[in-house]
Participant: 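Structure below; questions to follow.
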Amino acid sequence: MGNNAKGPAKPHNSPTPTEKLDFIRQVVADDVQSGKHPTPVTRFPPEPNGYLHIGHAKALCLNFGIAEEFSGRCHLRMDDTNPAKEDIEYENAIKRDVEWLGFTWGDHFFHASDYYEKLYEFALHLIREGLAYVDSSSPDEIRAARGTLTEPGKATPFRDRSIEENLDLFTRMRAGDFSDGEHVLRAKIDMASPNLNMRDPVIYRIQRLTHYRTGDAWCIYPLYDFAHPLSDALEGITHSLCSLEFENHRPLYDWCVAHCPVPSTPRQIEFARLSLTYTVMSKRKLLQLVKENLVNGWDDPRMPTLSGMRRRGYPAAAIRNFCKTIGMTKFNALTDLALLEHSVREQLNKSARRFMAVLDPLKIVITNWPGDDHVEEMHAVNNPEDPEAGKRPVMLGKEVYIERDDFMEDPPKGFFRMRPGGEVRLRYSYCITCQEVVKDSDGHITELHCTYDPDTLGKNPEGRKVKAAIHWVSAGHAVDAEIRLYDRLFTHETPDSAEGDFKDHLTPDSVKIVPAAKVEPALATVAPSTTVQFERLGYFCADLDHVPGEKPVFNRTVTLKDSWAKAQSRG
RNA sequence: UCCCGGGUGGUCCAAUAGUCAGGAUGCCUGACUCUGAAUCAGGAGGUCACGGUGCAAUUCCGUGCCCGGGUGCCA
């Protein structure tokens, strides 16, 4: 770390000075240091109308990260202002996902609907100030009067209603005297503003819908542009961080805060949302995939949702680290999926226990084995990255399975696995030599007859170099497992902007089920959600469907890097 | 057409009015290896364009080009 050459020592609640700050943290740091906001308060305000995805993780890491680094706090607030779309199921899923990612909100869990009464009072206040009016125009009329990008809007006939009339009408809107859409409340700002958001935005609409929390207590609901800044201000949020598409709303955000009697003045700062290659991120599209059964629910391991990634086996720490890697800017970036997968492998390499599993078994008979029932106990390293993890016993008998891929009758140059007459190491065990290739009448290889060299356990054979060590499972000890192999959901780098509908670019077989892989028996007893490495194949996570003691079910989290396969596909 | 925001290796992110513009990832090569993994070493690859002000510009200014957002009673 060294000494801090950059100016005076920072207050105790500053982040480590060696970490460079992104443009948002720089603002926060300045506000902390200047004393403007000694205790920064951020918030994560999801709308409970869908599940959280990896893009939300970026916002989560930012908001909760700042709270941690600057000894502030971060509120979790459900932005539940549209009962048409929101549901308690989503709220519960969101809380689960935030906690899983590793963030805690303590007592600071709120809902925009907590503030409905106060928001209503603010609306009355605006009316009394002559800053809001009830517009009885139809949606079409309002739209027509809004103008266009290049032409100013104009007032509707209701813009100059008296304060008394507005008060009366708005009160009756709440009382339920009118039907849906009959009136709206609008902020009175500037119909000629070049920013369309400032052309008298609607801030309340009549909607006879049952809200999942407030039930039928209200028939008018505030809109985001009104509810959000005021909720922030009521909670004493200091830095309200949101994505770029709200940049055009900031003047309105500031207007609401400035014209209502609120206890604080939060500042909105925008950053670029995350886009990932081969992924769609919009909640609307993810909902569509779920609704149309193109995936198996929000937590399908192919989904970019946090629940999907969790089920797939992505560690929370990997996602957090990924968010650190991608940084924070205002640039519309398209992040390579490889960056995420790298974080996942990096994390799992450190923590995942290794096992052996054979997905596509080819039987080997060791012809010179001491006896048909003879069994020897081998000792396999659980995690070479972690000596503490120790070793485990692995049984070896006369017959073992190896991966069919690991044998080639007529291999290309550079292939150094098993071949006729060739010798390979059975990992953690003996070296074996292929003496005979056994085929059925169709010419299909059914098994290999091999001999083993008893003098190769724990040491290299004399005078020969054995290049490959392949994984295996003893036929007499293996258990069958179902393995689900996932591929990316889309074939196109940018399914959103590709020609046609995004669903045209779905990968045809993005999940392949291997019904009867042969795995080490210990894998049958691991707890669901445990992620392990199948040596030489990849990282795999025990699925939620996995019941310890029954037939194991594993999801492939991510493959290991495979430079041989890469070289082959290059041709 | 108008308003707002943005353009640094393939990708993501740093830095600077002046050493060879750094890091990560990806790619290539080699070493090591009982995981063709990991690890280690090396390599290729970049300041959108044009002007302006500076002794000096990727950095400051202007213009152009390109990209994103903006006409919900969605968020």
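Computed from a predicted model, the values in this text were never measured in an experiment. Lettering follows sequence order; numbering is per chain, from 1.
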Participant: Does A/N195 reach a base, just sugar-phosphate, or nothing at all? Heavy atoms under 4.0 Å.
Facilitator: nothing
Participant: Give a yes or no answer on whether the side chain of A/D562 reaches the backbone of A/A565 with a donor-acceptor pair at less than 3.5 Å.
Facilitator: yes
Participant: Let me know the distance between NE2 of A/H471 and C1' of B/U33, rounded to the nearest Å.
Facilitator: 18 Å
Participant: Rounding to a whole Å, what distance do you find between A/L348:CG and B/A37:C1'?
Facilitator: 13 Å
Participant: Is the shortest side-chain N/O distance from A/T329 to OP1 or OP2 of B/G6 below 4.0 Å?
Facilitator: no
Participant: In whole angstrom, what separates A/R250's CZ from B/C3's P?
Facilitator: 17 Å
Participant: Does the structure show A/Y224 stacking with B/A75, if we require the centres to be closer than 5.5 Å and the planes to be within less than 30 degrees of parallel?
Facilitator: no
Participant: With respect to the phosphate group of B/C27, does any side-chain polar atom (N or O) of A/K566 fall under 4.0 Å of OP1 or OP2?
Facilitator: yes
Participant: For A/I470 and B/A37, what is the distance between atoms CD1 and P respectively, to the nearest whole Å?
Facilitator: 16 Å
Participant: Across all strands, who's sitting opposite B/U39 as a Watson-Crick or G-U wobble pair, both distances under 3.5 Å?
Facilitator: B/A31
Participant: Have a look at A/L537 and say if it touches a base, only the backbone sugar-phosphate, or nothing, with a 4.0 Å heavy-atom cut-off.
Facilitator: nothing
Participant: Provide the Watson-Crick or G-U wobble partner of B/U11, both distances under 3.5 Å; none if there is no partner.
Facilitator: B/A24
Participant: Name the pairing partner of B/A17, where a pair is Watson-Crick or G-U wobble with both distances under 3.5 Å, or state none.
Facilitator: none
Participant: Once you round it to whole Å, what is the distance between P of B/A38 and CD of A/Q533?
Facilitator: 10 Å
Participant: Can a donor-acceptor pair be found, under 3.5 Å and without considering hydrogens, that links the side chain of A/T325 to the backbone of A/N321?
Facilitator: yes
Participant: Does the gap between the ring centers of A/F540 and A/F355 come in under 6.0 Å?
Facilitator: no
Participant: Take the protein atom CG of A/L339 and the nucleotide atom P of B/G26, then report the distance between them rounded to whole Å.
Facilitator: 8 Å
Participant: On a plain distance test, is the side chain of A/R354 in donor-acceptor contact with the base of B/U35 below 3.5 Å?
Facilitator: yes
Participant: So, OP1 or OP2 of B/G26: does either fall under 4.0 Å of a side-chain N or O from A/K561?
Facilitator: yes
Participant: Look only at the side chain of A/E91 and the backbone of A/E47, and say whether a donor-acceptor pair between them is shorter than 3.5 Å.
Facilitator: no
Participant: Using a cut-off of strictly less than 4.0 Å, decide whether A/R417 has a side-chain nitrogen or oxygen near OP1 or OP2 of B/G36.
Facilitator: no
Participant: Tell me whether the OP1 or OP2 atom of B/C73 has a side-chain N or O from A/R146 closer than 4.0 Å.
Facilitator: yes
Participant: Just name whichever nucleotide pairs with B/G5, Watson-Crick or G-U, keeping both distances under 3.5 Å, else none.
Facilitator: B/C67
Participant: Tell me whether the side-chain N/O atoms of A/R345 come closer than 4.0 Å to OP1 or OP2 in B/U25.
Facilitator: no
Participant: Which base sits across from B/G54 as a Watson-Crick or G-U pair, both distances under 3.5 Å?
Facilitator: none
